[in-house]
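The sequence lines fix the lettering, A, B, ..., with proteins before strands; numbering per chain opens at 1.
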Protein chains: 2
Amino acid sequence: MATTLHDVAVLAKVSIKTVSNVVNGYPYIKDSTKTRVLEAIAALGYQPNLTARGLRLGRTGVIGLAVPELRLSYFAELADAVIRAADRRGISVQIEQTNGDRDRELDLVTSPRRQLTDGLIFSPLGLGNEDAALLAVGYPLVVLGERIFDAPADHVTMRNVEAAAAATRRLLAAGRTRIAVIGAHEGEVYGSAALRIRGYREALQEAGLPVDPALIRHSDMWHRANGATTVRGLLETGVPFDAVFGLNDTLALGAIRALQAAGVRVPEDVSVVGFDNLDESEYSHPSLSTIDAGRDEIADTAVRLLLERIAETGPKAPPRRVEADFRLIERESIGAAADADHPFNRQDPPA
Amino acid sequence: MATTLHDVAVLAKVSIKTVSNVVNGYPYIKDSTKTRVLEAIAALGYQPNLTARGLRLGRTGVIGLAVPELRLSYFAELADAVIRAADRRGISVQIEQTNGDRDRELDLVTSPRRQLTDGLIFSPLGLGNEDAALLAVGYPLVVLGERIFDAPADHVTMRNVEAAAAATRRLLAAGRTRIAVIGAHEGEVYGSAALRIRGYREALQEAGLPVDPALIRHSDMWHRANGATTVRGLLETGVPFDAVFGLNDTLALGAIRALQAAGVRVPEDVSVVGFDNLDESEYSHPSLSTIDAGRDEIADTAVRLLLERIAETGPKAPPRRVEADFRLIERESIGAAADADHPFNRQDPPA
DNA sequence: TTGTAAGCGTTATCAC
DNA sequence: GTGATAACGCTTACAA
């Protein structure tokens with residue numbers, strides 16, 4: 001069995017309280033007893049039982065992180081950043097996967113497992129803003145993302161509209177005027193897709209350009225395969241376009257692949273820009289221009305806010321809203337002006 | 001404050017023990033009292049305090065998973081699979097990142113945090129087989145990977161040698177004879193690199209072909225950038241080659257990129273094959289042929305073995321070794337026979 | 001400066 | 001069938 005405070009106390013010939021004082025750095029201890037206790041601790045290899053401490057203190061030193069799935073690179077990189085941010089503060093992280101399933105997300109928020117963590121960082125996907133009230137939970141909660149804005153909890157998010165507008169403006173600056181968007185979600189009002197498309201529209205309108213519905217392509221899932229499929233569908237319509245704005249990097253990478261397979265050159269014929277700045281986007285061929293929407297800052301802020309809530313005693317501060325900074329990352333896929341001579345760019349617009 | 005067994009007992013007018021019995025499904029309870037208790041539980045929204053239960057039982061229902069970093073796709077996908085496997089069994093997972101740092105790995109194994117988990121699944125990278133004895137820890141431990149084979153703990157790994165040989169044989173079958181390997185590690189005896197290269201050598205020797213040291217290219221890190229850099233270095237040497245075996249998919253994807261950038265066609269001029277079967281390998285351009293080395297099976301087996309150890313009472317069974325099955329996944333990058341007419345394939349071998 | 005004892009919320013032992 | 005009561009290992013008033 002593991003050694004306990006009691007074992008150490010016996011060996012050091014002091015009371016259990018004194019050992020506890022030493023372990024917890026209580027200052028007023030005679031040096032002689034302190035060293036005796038430390039020797040006993042070393043001799044026995046004593047380690048405090050964190051479960052017992054957790055029971056007594058009502059805090060475990062563990063926070064939960066709930067994301068759709070780690071095999072989506074964005075969430076893997078987010079989880080990485082959250083774990084690092086927590087670790088810097090001596091906290092460990094328990095991870096839950098929701099698969100973006102609404103029922104699972106609901107279960108998770110009320111699961112007895114929450115009893116084992118001091119709070120939760122939650123990136124919902126299945127739940128929407130209409131479910132905000134369901135997040136009135138009895139423990140510290142930080143909500144991430146673009147699905148729920150009105151929950152009675154702290155919220156850390158990115159500047160989706162502004163960032164998407166910046167990406168679109170950059171395409172316009174490269175001389176692109178027929179900018180396709182891939183990954184739209186039917187009937188969505190909040191959510192990453194809706195907000196980013198809002199930014200896209202704003203940038204076009206700002207430039208006095210029409211928003212052509214034929215260029216807004218839907219795709220519920222945001223995997224590589226969907227990016228490729230959606231672009232193939234777009235090519236089949238014959239609608240001309242000279243840029244693709246993938247609503248995330250994965251879509252954009254899939255799009256590049258489909259374009260190349262169809263003999264369309266990136267960026268000579270079609271510029272491509274994504275959103276998220278995944279690690280791999282730097283190494284695609286061509287390298288992908290994208291938006292760094294502040295993932296690391298979001299992770300760090302979320303952990304900080306959560307720990308502040310956990311430490312909170314007495315009256316609770318009202319929910320806080322934080323928006324991380326973003327920046328446009330220019331890489332090869334954004335290209336210069338269109339090459340008007342290439343056959344792809346000479347096709348006629350549809351009737 | 002959260003409600004306790006005691007609160008429920010008062011409301012249901014029974015003893016705390018009876019409530020506990022109901023919660024834990026003890027069979028011999030009068031139906032009338034049982035329903036009364038269940039009603040009280042529902043009325044109060046009672047949830048058992050898992051920390052208290054953990055203290056009492058000596059088990060928390062949480063296992064640890066230690067990997068180098070989640071932003072490496074392989075480990076993200078592994079963590080995903082481990083979490084799913086644990087979840088199927090009602091267990092949650094706490095994740096630690098080591099960055100492959102030896103000291104950090106050592107700290108982690110003896111950290112007080114282990115007190116909060118019932119056992120650990122550990123994928124070492126900084127530690128080597130010479131450190132095996134350091135893994136004689138006092139809690140259930142399952143070691144993953146190719147770094148440590150002789151630890152006094154269960155070990156789940158993949159068939160590196162056989163799988164690498166299979167990949168190499170397939171390249172030979174496609175008519176490739178000058179197969180470069182990228183990602184070798186200087187002086188390594190165990191480890192993914194060494195074992196996979198052993199398989200590569202075996203397949204060549206089996207085919208009666210020489211092993212050309214000039215075709216074995218080193219790279220400590222296995223990121224996309226390294227794959228690209230290594231291949232550029234190889235191209236600069238002027239040594240002819242007609243295939244690249246990336247020791248993992250990320251290297252192989254980086255290699256494809258560098259080849260294409262240099263005007264070398266994949267697979268017409270150079271076949272490429274990777275190792276790991278990452279999700280994204282299916283969507284590269286061209287899609288990447290690779291080895292599925294049994295990641296999901298490894299995750300499930302690791303969780304199963306760990307839980308068996310946790311449940312173990314009395315004498316401990318000796319360490320167990322498990323090797324997952326693998327399979328070769330053939331995609332576009334492997335190609336057919338070399339195109340002898342392309343300029344790249346007509347270059348002269350170096351003196 | 002150090003010791004005693006209560007209690008965190010469970011489960012388990014044993015009476016009744 | 002059900003109820004007291006004693007741990008599990010720790011922190012913390014409160015004493016000394």
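For A/S20, counting side-chain heavy atoms from C-beta on, the closest listed nucleotide (D/dT12, D/dC10, C/dT1) is D/dT12. Each of C/dT2, D/dT2, D/dC10 was ranked by its minimum atom distance to the side chain of B/T18; first place goes to D/dT2. For B/K30, the listed nucleotide lying nearest its side chain is D/dT2; candidates were C/dG3, C/dT10, D/dT2.
More than 12 heavy atoms of other residues, nucleotides or ligands shown are found within 6.0 angstrom of CZ on B/R104.
At the phosphate of C/dT10, OP1 or OP2 sits under 4.0 Å from a side-chain N or O atom of B/Y46. Distances shown here put a side-chain N or O of B/N24 below 4.0 Å from the OP1 or OP2 atom of C/dT11.
Atoms CZ (B/R59) and P (C/dG9) sit 21 Å apart, rounded to a whole Å. Residue B/Y28 contributes atom OH, which lies 20 Å from atom P of C/dA15 at whole-angstrom precision. Remark: P of C/dA12 and CG of B/N21 are 10 Å apart, rounded to the nearest angstrom. Look at CG on B/D31: it is 12 Å from C1' on D/dG1, rounded to the nearest Å. In this structure, B/K13 atom NZ and D/dG3 atom C1' are separated by 16 Å, rounded to whole Å. We find that OH of A/Y26 is positioned 14 Å from P of D/dC14, with the value rounded to whole Å. C/dG9 atom P lies 14 Å from atom CG of B/L44, rounded to whole Å.
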Distances for protein N/O vs nucleotides 4-8 of chain D N/O pairs under 3.5 angstrom?
| residue | atom | partner | partner atom | Å |
| --- | --- | --- | --- | --- |
| D/dA7 | N3 | B/R56 | NH1 | 2.9 |

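Looking at residues two or more places apart in sequence or on another chain, you find no salt bridge (Lys or Arg N to Asp or Glu O under 4.0 Å) involving A/E39. With sequence neighbours left out, the salt bridge (Lys or Arg N to Asp or Glu O under 4.0 Å) criterion links A/D131 to A/R102. Scored by the ring pair (Phe, Tyr, Trp, His ring centres under 6.0 Å) test, B/Y26 finds B/Y28 as partners (sequence neighbours excluded). Judged as a salt bridge (Lys or Arg N to Asp or Glu O under 4.0 Å), and not counting sequence neighbours, the contacts of A/R159 are A/E162, A/E323.
Within the 4.5 Å cutoff, side-chain heavy atoms of A/V23 are placed close to those of A/R53. For the pair B/F122 and B/V142, the minimum side-chain heavy-atom distance is 4.5 Å or more.
Residue contacts shown for B/T51 are absent, as no nucleic acid heavy atom lies under 4.0 Å away. Within the 4.0 angstrom heavy-atom criterion, base atoms lie near B/L5.
In this structure a side-chain-to-backbone donor-acceptor pair under 3.5 Å is present from A/E77 to A/D279.
Each end of the helix from C/dT1-D/dA16 to C/dC16-D/dG1 gets its own rotation axis from five pairs of C1' atoms, and the angle between them is 40° to the nearest 10 degrees.
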I would like to know whether A/S20 and A/N24 meet side chain to side chain donor-acceptor pair (under 3.5 Å); could you show each step before the answer?
CA-CA 6 Å; A/S20 174; A/N24 293 293; 3.3 Å; yes

